[in-house]
Amino acid sequence: MAKKPAKFKEYNHLVIEKKQQSLWDKNKTYKTLPVNAAKGKKPFYILDMFPYPSGAGLHVGHPRGYIGTDVLAHQKRMQGYNVLHPMGYDAFGLPAEQYAITHKVHPKRAVEINVKTFEKQLSAIGLSYDWAHRINTTDPEYYKWTQWIFLQLYNSYYDVKKNKAQSIDQLVKIFETKGNKDYTKNGNAHTTYRFAFSAVQWKGFTELKKQEILMHYRLAYEADSEVNWCQELGTVLANDEIVDKDGKQVSERGEYPVEKMTIRQWSMRITAYAERLISGLETIDFPEHIKTIQNNWIGKSEGAEIDFTVAGSSEKITAFTTRADTLFGVSAVVLAPEHDFIEKNKTQIQNYSVVETYIRQVKNKTNEERTENNEKSGVELKGIKAINPANGQAVSVWVADYVLAGYGTGAVMSVPAHDERDFEFANKYKLDIKKVIQSVDSENTSLPFIEKGMLVSSEKFTGMGSDVAKNEIVKSVGGRTITNYKMRDAIFARQRYWGEPIPLYRDKNGIIHEVKKLPLKLPNVKSYEPTGKAEGPLAGVKAWTDKGYETNTMPGWAGSSWYFLRYMDPKNTKSLVGDKEIAYWKNVDVYVGGAEHVTGHLLYSRFWHKFLKDIGVVNTEEPFKKMYNQGLILAADGRKMSKRWGNVVNPDDIIKTFGADTLRVYEMFMGPFTASQPWNTESIIGSRRFIERVWRLGQKIATSESNSSGLVTKADGKFERSGRTIFAEGEKGREEIRGPENLLSAAVTTEITLHKTIKKVSEDIENFAFNTAISSLMICLNELENVANSEQGIAKEDFKTFLQLLAPFAPHVTEELWEMFESISQKAKSKKQKPSQIHLSIWPKYNPKKITSSTVTIGVQVNGKVRAEITIPTDAIQADVESIAMKNEKVLQWLEGKEIKKIIYVPGRLINIAAV
RNA sequence: GCUGGAGUGGCGGAAUUGGUAUACGCGCUAGUCUUAGGAACUAGUACCGCAAGGUUUAAGGGUUCAAGUCCCUUCUCCAGCACCA
């Protein structure tokens with residue numbers, strides 16, 4: 001520890017931080033006002049992605065985002081907003097369960113332990129959460145509403161005409177009165193149940209049959225689907241829970257192998273919202289790359305379905321294409337190995353045994369083998385010909401592994417001249433390559449794959465541009481324009497114990513019923529380890545299965561898809577969020593979290609929010625107005641911090657040696673908030689020094705004799721000192737009184753610095769540019785120190801303004817110093833008044849007039865190179881600047897023997913003289 | 001392969017969007033104070049050069065009075081997608 005003059009109090013972060021934290025707690029400094037008590041205060045909702053409370057606790061990288069939001073929360077609070085800045089725990093799901101299994105404790109107990117560790121660590125950082133809004137997804141009072149939302153989804157279908165979710169009862173009514181003749185209008189294109197029946201037929205169906213039909217419309221539905229099964233984890237995983245490692249599909253958690261399997265599963269019809277999920281992106285302020293990824297993930301493509309009749313048969317094959325304009329160039333129709341046409345028409349296929357062998361081979365290939373090399377293979381279906389509806393030509397039909405079963409119709413029309421993949425396939429199997437499109441500029445006519453151009457090979461459509469030709473051709477062959485999405489429906493079941501039970505049960509006849517009384521609580525089980533089968537540990541609970549309850553539980557993302565709403569009104573027992581609260585807070589203003597949730601949580605919560613809007617629970621289309629991704633903090637070795645590498649830095653240790661304020665300042669200062677940075681414990685000392693210097697300067701100013709040394713700026717723009725006006729701006733040039741021997745000069749400089757800093761810090765916090773905000777605070781401190789060391793000294797009020805700007809970053813030390821200044825002024829006034837708190841003080845405003853000084857130093861360039869510097873009045877006109885520049889010795893030297901061609905003056909920046 | 005983003009001192013990084021490149025901090029060098037310092041403070045620190053001056057924003061070219069910033073070519077790194085017809 002440094003030696004200090006005896007009269008200064010030592011900066012002891014341990015004492016100060018502990019003291020201030022307990023005072024904030026006691027005074028409820030960070031309390032969010034209830035809606036009733038908000039009294040016209042504007043709401044501001046700042047949210048962190050809530051953590052999985054894993055057993056490992058926090059490392060130094062975790063709080064980066066929390067500190068960022070906390071800085072903003074402080075500023076907004078000081079700017080007079082009613083700030084909702086909560087924290088909670090996403091405690092269902094694999095992390096908690098795995099901890100429980102390895103530590104042989106009940107998951108519930110594991111969560112309790114981990115939450116405790118978490119909260120202790122978070123509190124030490126001095127984050128300004130209102131803990132009264134704390135939530136935990138595993139709390140039955142919370143998951144009651146997760147289950148409630150599930151039931152609403154189960155009881156809804158997507159009305160394509162109204163473009164919103166509707167009650168399933170309405171669909172039943174339609175079936176009862178009109179049947180399902182108009183089925184394309186009763187569901188979104190992707191999921192329409194293509195089965196027509198009359199109202200009379202509907203009434204004749206059994207309950208079970210009706211249930212089966214309705215299941216094709218419900219937004220939460222049960223269906224056979226191909227899933228990613230992970231044997232080691234004993235569960236199904238979502239696509240975003242799987243990563244690619246050395247070409248193999250493995251689980252993100254634990255990196256265990258994952259294979260494809262078809263089982264009966266609960267799913268969410270997120271595809272019904274595909275269009276709204278895309279269009280909504282334009283209305284929200286998310287990082288561009290997040291939007292791009294979501295857009296690609298949803299993968300919208302507009303095209304057409306075209307029917308190819310099969311020669312000598314009533315069968316037809318429907319192909320999806322985005323290039324209907326190339327229909328005249330079709331050389332073959334190619335089916336995915338899974339396409340049901342093959343099985344159905346096996347008697348017509350002359351070489352069926354060959355085809356069958358091929359299909360078996362393809363299916364036995366693992367995913368990585370199929371993608372390993374892109375070489376295409378296939379087998380022709382001998383004896384089958386498809387008729388091209390455009391020209392009546394009979395083309396061969398193939399089965400090939402490059403056609404995907406899950407996309408479009410599982411059948412494509414092969415146009416080798418205009419599609420790279422078809423080209424490759426055609427080359428291998430010697431199919432025709434017919435060019436039917438010519439590029440408009442007719443330069444690259446020898447090349448295939450022309451993106452757009454003129455149709456050349458058909459009399460009827462010759463010369464039409466691509467887009468026109470597409471529509472005309474689709475119309476002429478009776479095709480249907482259609483929109484396809486890459487995105488699949490989301491599996492909504494995990495074969496695990498530690499999740500929300502699905503609140504449905506099946507009676508003896510197989511009919512599904514809702515659980516009326518929520519929450520349906522998770523029962524205790526002897527073993528919560530995975531069974532390794534496609535059923536959860538709940539299958540072992542007789543009392544559970546006897547009632548016909550589902551043995552799968554909800555996936556981890558269920559509870560996290562709506563938690564931000566619960567924070568608004570966490571104790572509500574009547575609804576998931578109160579009407580008043582939702583009307584006031586609406587949605588999240590600023591959301592901060594890692595980028596790894598782009599195609600998971602960030603998509604699912606948008607989907608649920610839109611659904612909740614449809615059923616009238618919320619009043620906004622999007623849950624998050626604005627979002628930032630904090631960058632990762634890497635270990636000093638450049639790798640991710642992980643136990644595995646033994647490079648974890650624990651924030652507790654940093655706080656102990658350097659203090660929470662130092663940690664906060666350092667993490668905000670180390671680089672741009674959104675960029676990843678390596679941690680460097682060596683560099684942290686800079687932030688510590690900064691805070692110590694603030695502390696020492698504070699001590700110095702507080703103990704200085706008088707408070708009259710500074711200038712006070714009056715509203716009329718006049719400067720005042722000890723009540724006497726000294727000069728007014730503009731009456732005299734300030735230049736005159738800025739000479740080094742003039743006492744006023746330092747005060748004016750201080751004022752300019754301070755107002756500049758207010759502007760910079762205010763704007764930077766708003767834009768999450770924390771590193772430059774701190775940089776400007778450091779510059780400001782340097783300036784203040786210089787002035788304080790001069791005869792002039794610093795006014796207490798000026799220093800307090802500086803403290804306010806620093807307060808969001810270093811809340812403890814600034815509060816301590818503020819308290820000190822307050823107690824000094826309290827002595828002067830009455831002792832009765834309660835001293836104010838810096839975090840409840842009013843954020844300083846800057847005066848634009850105070851930012852510019854009367855003179856400015858600019859560079860003089862000769863032919864683009866800086867040759868001299870001149871000081872000019874800020875408002876000087878070009879002619880004056882020119883004449884000043886021309887008098888400069890250096891400039892003259894460089895201009896010698898040259899003729900001036902052009903002079904450019906950029907006000908306040910530089911003057912450039914072009915000369916030859 | 002495709003899509004998106006990025007390359008600036010020994011290191012983390014600034015640069016008002018075309019206007020004095022290298023702010024701020026770390027580290028380093030010298031000094032002050034100290035019994036000592038791996039504390040603090042003061043000064044210096046992009047590179048070459050004794051200096052005058054010259055050269056620098058991954059590499060090369062271009063537009064401009066003026067380019068880290070705009071355009072073209074090439075290289076490297078990171079992230080996402082991966083036969084989506």
Side-chain angles (χ1 to χ4, degrees), chain A residues 1-4 244 247 287-297 299-301 303 319-324 326 334 336 367 370-371 373-376 400-404 406-415 418-422 424-425 484-487 595-596 598-599 629 636 665-666 669-672 674-687 689-690 692-693 696 759-760 763 769 771-782 785 857-869 900-915:
Chain A
M1 251 331 106
K3 277 188 186 169
K4 306 277 153 36
D244 195 288
E288 224 33 62
H289 73 276
I290 298 271
K291 291 189 185 184
T292 310
I293 293 171
Q294 286 206 349
N295 234 327
N296 293 343
W297 182 265
K300 179 178 179 171
S301 82
F320 175 73
T321 180
T322 55
R323 293 299 304 274
T326 64
V334 189
N367 229 344
R370 244 173 118 163
T371 46
N373 56 359
N374 272 4
E375 184 161 342
K376 291 162 182 53
D401 60 355
Y402 79 94
V403 178
L404 302 173
Y407 186 75
T409 58
V412 301
M413 53 181 229
S414 178
V415 186
H418 302 293
D419 182 280
E420 202 172 341
R421 294 150 303 181
D422 294 340
E424 209 181 300
F425 190 71
N484 249 315
Y485 301 92
K486 270 199 265 185
M487 182 172 62
E596 68 272 20
V598 194
T599 54
N629 294 122
V665 168
Y666 177 62
F669 180 61
M670 61 196 297
T674 47
S676 293
Q677 262 93 29
W679 175 266
N680 188 348
T681 304
E682 218 177 35
S683 298
I684 200 173
I685 191 69
S687 302
R689 277 181 200 147
F690 170 61
E692 283 199 36
R693 280 164 57 202
R696 255 176 280 139
K759 177 174 155 67
K760 180 80 177 142
E763 290 171 358
N771 56 331
T772 49
I774 290 173
S775 158
S776 70
L777 283 166
M778 287 171 166
I779 294 168
C780 184
L781 178 69
N782 290 343
E785 273 179 343
T857 303
I858 65 163
V860 183
Q861 295 185 340
V862 177
N863 288 330
K865 291 214 159 116
V866 181
R867 297 302 183 187
E869 283 189 343
I900 294 171
K901 288 273 177 207
K902 198 172 180 183
I903 299 178
I904 285 128
Y905 173 56
V906 184
R909 298 253 142 243
L910 54 72
I911 181 163
N912 187 13
I913 304 164

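Keep in mind that the numbers below use all heavy atoms, side chains included, and drop hydrogens, waters and symmetry copies. Just so it is clear: chains get the letters A, B, ... in the order the sequence lines come, proteins before strands, and each one is counted from 1.
Distances shown here put a side-chain N or O of Y407(A) below 4.0 Å from the OP1 or OP2 atom of A85(B).
One C1' atom belongs to C77(B), the other to A59(B), and the distance between them is 15 Å to the nearest Å. Separating the C1' atom of U57(B) from that of C47(B) is a span of 13 Å, rounded to the nearest Å. G7(B) sits 11 Å from G68(B) when the C1' atoms are compared, rounded to a whole Å. Across G54(B) and U63(B), the matching C1' atoms stand 25 Å from one another, rounded to whole Å. The separation of U76(B) from G53(B), taken at their P atoms, amounts to 41 Å, rounded to a whole angstrom. For C48(B) and G9(B), the P atoms lie 14 Å apart once the distance is rounded to whole Å. One P atom belongs to A58(B), the other to G13(B), and the distance between them is 15 Å to the nearest Å. Rounded to whole Å, the P atom of G19(B) lies 15 Å from the corresponding atom of A66(B).
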Grab the N/O contacts between the protein and nucleotides 51-55 of chain B below 3.5 Å, and write none if there aren't any.
unit_1	atom_1	unit_2	atom_2	d
G54(B)	OP1	R867(A)	NH2	3.3
G54(B)	OP2	R867(A)	NH1	3.0
U55(B)	OP2	K865(A)	NZ	3.3

Scan nucleotides 23-25 of chain B against the protein and return all N/O pairs shorter than 3.5 Å with their distances rounded to 0.1 Å.
unit_1	atom_1	unit_2	atom_2	d
C24(B)	O4'	S775(A)	OG	3.3

For nucleotides 65-70 of chain B, which of its nitrogen or oxygen atoms have a protein nitrogen or oxygen under 3.5 Å away, and what is each distance?
unit_1	atom_1	unit_2	atom_2	d
C65(B)	OP1	K902(A)	NZ	3.4
C65(B)	O2'	N912(A)	ND2	3.2
C65(B)	O2	N912(A)	ND2	2.7

Mind listing the N/O atom pairs, protein and nucleotides 28-31 of chain B, below 3.5 Å?
none

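Glycosidic conformation at G9(B) (O4'-C1'-N9-C4 for purines, O4'-C1'-N1-C2 for pyrimidines): syn, within 90° of 0.
A donor-acceptor pair under 3.5 Å is absent between the side-chain atoms of N296(A) and the main chain of G299(A), judged by distance alone. Under the 3.5 Å distance criterion, the side-chain polar atoms of N771(A) are left unmatched by any main-chain donor or acceptor of F669(A). Panel note: side chain T292(A), backbone E288(A); a donor-acceptor pair is recorded below 3.5 Å. Remark: side-chain polar atoms of N912(A) are paired, donor with acceptor, to backbone N or O of G864(A) under 3.5 angstrom.
Nearest approach of M670(A) to P678(A), heavy atoms of both residues: CE-O, 3.5 Å. The shortest heavy-atom contact between Q677(A) and G671(A) is NE2-CA, 3.5 Å. Nearest heavy atom pair, residue V334(A) against residue Y402(A), reads CG2-OH, 4.0 Å. Across Q294(A) and V598(A), no two heavy atoms sit closer than the pair NE2-O, 2.9 Å. For A336(A) against L404(A), the heavy-atom pair with the smallest separation is CB-C, 3.9 Å.
In this structure, S414(A) and D419(A) have side chains that are not in contact, with every pair of non-hydrogen atoms separated by 4.5 Å or more. Residues T599(A) and I293(A) form a side-chain contact, since some pair of their non-hydrogen atoms from C-beta on lies under 4.5 Å apart.
Ring pair Y407(A)/F320(A) is perpendicular by interplanar angle, where above 60° counts as perpendicular and below 30° as parallel.
The side chain of Q677(A) lies closest to G12(B) when the candidates are U3(B), G12(B), A85(B). If you check G13(B), C26(B), A85(B) against the side chain of T321(A), the one that comes closest is A85(B). Of all nucleotides listed (G4(B), C41(B), A85(B)), A85(B) comes nearest to the side chain of V412(A).
When heavy atoms are screened at a 4.0 angstrom cut-off, E869(A) is found touching base atoms of the nucleic acid.
Counting only N and O atoms by type, the side chains of Y666(A) and N680(A) include no donor and acceptor under 3.5 Å apart.
The cationic group of K300(A) does not satisfy the cation-pi geometry with Y485(A), failing either the under 6.0 Å distance to the six-membered ring centre or the 45° limit from the ring axis.
Between E785(A) and T857(A), the residue whose closest nucleotide on RNA chain B is further toward the 5' end is T857(A). Residue whose closest nucleotide on RNA chain B sits further toward the 5' end, between A675(A) and K300(A): A675(A).
Base pairing in RNA chain B gives the following stems of 3 or more Watson-Crick or G-U pairs, range against range and under 3.5 Å: B:1-7 with B:75-81, B:10-12 with B:24-26, B:27-32 with B:40-45, B:46-48 with B:53-55, B:58-62 with B:70-74.
Note: CE (M670(A)) to P (G13(B)) measures 8 Å, nearest angstrom.
Under the salt bridge (Lys or Arg N to Asp or Glu O under 4.0 Å) criterion, E682(A) pairs with no residue at all, not counting sequence neighbours.
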